[in-house]
Amino acid sequence: MIISMKLGAGQQEIDHVCERLQDFGYKAHVIHGVERVVIGAVGSGQNKEQVMESIEAAPGVDSVVAVSHPFKFVSREGRREKTVIKVNGHGIGGDEFIIFAGPCSVESEDQLMQTAEAVKKAGAHILRGGAFKPRTSPYDFQGLEEEGLKLLRQAKERTGLAICTEVMSATEVDLVAEYADILQVGARNMQNFNLLKRLGKISKPVMLKRGLSSTIKEFLLSAEYIVTSGNPNVFLCERGIRTFETATRNTFDISAVPVLDELTHLPVVLDPSHATGKRSLIPALSKASVAVGADGLMVEVHPNPEKAFSDGPQSLRLPEFAKLMVDLKPYLALWKAERAAASSAVAPALAAKA
Ligand code: PEP
Ligand code: MN
């Protein structure tokens with residue numbers, strides 16, 4: 001169950017709830033959100049209804065909700081309002097569709113600055129680019145590491161774009177967090193539990209990519225690791241999963257968006273670049289990403305994809321990205337109208353609940 005404490009609830013009240021839960025046979029996990037404290041109670045204590053009633057009556061408690069899913073904090077059952085993650089003046093999960101664009105890998109100053117300036121001019125909100133690269137082969141380019149992070153910082157200074165970049169290991173979290181606005185967990189690391197727990201100890205936003213062969217439940221349990229370790233600023237990225245199909249690099253599970261919208265309050269971003277592996281497919285699937293109601297889109301862009309150190313075949317050229325941004329406009333207008341209608345329908349319901 002999820003216990004939301006009242007605004008301004010004191011430490012004594014929080015401790016009291018935790019003690020009561022322990023007495024009833026539950027383990028309490030306390031999360032300090034921006035506004036209020038939320039306590040997740042996990043376990044198989046008896047007489048759930050009775051326990052809920054008793055906790056509800058404790059001082060400082062606002063509400064108690066039973067959550068049937070194993071992922072408690074990220075579940076929609078525990079929190080109806082969508083999470084909105086603030087980055088550099090934008091809100092991921094809010095009323096703005098967020099576009100992440102940039103190269104697969106940071107390769108050089110010239111490559112990154114050219115790309116950053118072009119994607120900024122075309123209207124992207126966040127610059128992506130890997131400095132630590134998880135490569136299938138140990139003989140492939142492994143990334144510029146800290147040198148790449150410095151170039152990302154330089155690109156941010158030049159364009160004002162926030163930076164999203166991958167962190168591959170728990171020991172590198174502090175270093176990457178020094179430079180990044182958003183730390184990306186790659187598909188191959190979705191179940192690197194030590195990394196997830198370590199990311200729970202920072203407050204910067206984390207973009208968790210779905211594992212190559214992961215179910216939605218496993219995906220949400222990985223997000224739960226980060227949140228229950230203390231960092232509620234998590235959003236998800238669907239980037240295609242392994243199936244028997246070979247026409248595309250992966251199979252784009254676009255149904256993940258409405259499925260996740262039912263199950264979780266975390267924002268969801270789509271990545272058609274890694275899902276398809278093929279430049280020609282990106283425009284159609286980007287439009288589909290907006291139409292399906294995702295919160296954002298991540299696209300790989302490179303000034304000269306033929307010479308890219310990684311993922312050239314799926315990277316858009318700079319003018320192709322600019323054209324995509326123009327072609328997305330009517331879809332984005334519909335998206336905005338639908339989002340506004342949905343939030344005005346939710347607002348009175350929440351007001352009634354309060
Ligand atoms: C990437 O974003 O460049 C990347 C390596 O993605 P994924 O982890 O989804 O393969
Ligand atoms: Mn890539």
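Bear in mind that the values here come from a model prediction, so they are computed numbers and not experimental data. Just follow the structure's listing: the first ligand is 1, and inside any ligand the first atom is 1.
Phe73 and His29 have perpendicular rings, their planes meeting at more than 60° on a 0 to 90° scale where under 30° would count as parallel.
Of all protein heavy atoms, the one lying nearest to atom 6 (O) of ligand 1 is Lys209 NZ, 2.9 Å. Nearest protein heavy-atom neighbour of atom 8 (O) of ligand 1: Ala187 N, 2.7 Å.
For the Mn ion (ligand 2), the set of protein N/O/S atoms nearer than 2.8 Å consists of Cys104 SG, His274 NE2, Glu300 OE2, Asp311 OD2, ordered by chain and number.
Taking a 6.0 Å sphere around CD of Glu245, one finds it holds more than 12 heavy atoms contributed by other residues, nucleotides or ligands. The environment of Asn88 atom CG is dense: over 12 non-hydrogen atoms of other residues, nucleotides or ligands sit within 6.0 angstrom. In this structure, Tyr331 places its OH atom where only 12 or fewer heavy-atom neighbours from other residues, nucleotides or ligands lie under 6.0 Å away. Under a cut-off of 6.0 angstrom, the local environment of NZ in Lys336 is crowded, with over 12 non-hydrogen atoms contributed by other residues, nucleotides or ligands.
Distances from atom 4 (C) of ligand 1 to the heavy atoms of His274, Glu300, Met298, Arg239 show the closest one on His274. With distances taken over non-hydrogen atoms, the option nearest atom 5 (C) of ligand 1 out of Glu238, Glu166, Arg249 is Glu166.
Using a 4.0 Å cutoff on heavy atoms, Gly130 does not count as a contact of ligand 1. Using a non-hydrogen distance threshold of 4.0 Å, Arg210 does not register as a contact of ligand 1.
Listed by number with element, the atoms of ligand 1 under 4.0 angstrom from any heavy atom of Gly186 are 8 (O). Close approach to Cys104 involves these atoms of ligand 1, each under 4.0 Å from a residue heavy atom: 3 (O).
In Lys133, the part holding a heavy atom less than 4.0 Å from any atom of ligand 1 is the side chain.
Between Arg36 and Asp62, at least one side-chain nitrogen of the basic residue sits less than 4.0 Å from a carboxylate oxygen of the acidic one, meeting the salt-bridge criterion. A salt bridge links Asp311 to Arg249: at least one charged side-chain nitrogen sits closer than 4.0 Å to a carboxylate oxygen. Look at Arg317 and Glu320 and you find a salt bridge, because one of the NZ, NE, NH1 or NH2 atoms lies within 4.0 Å of a carboxylate O, short of that distance.
Looking at His302, Lys278, Glu300, Arg279 one by one, the single match for side-chain hydrogen bond (donor to acceptor under 3.5 Å, both in side chains) with Gln314 turns out to be Glu300.
At a cut-off of 3.5 Å, with distance as the only test, a side-chain donor of Ser54 or Arg20 sits close to an acceptor on the other residue.
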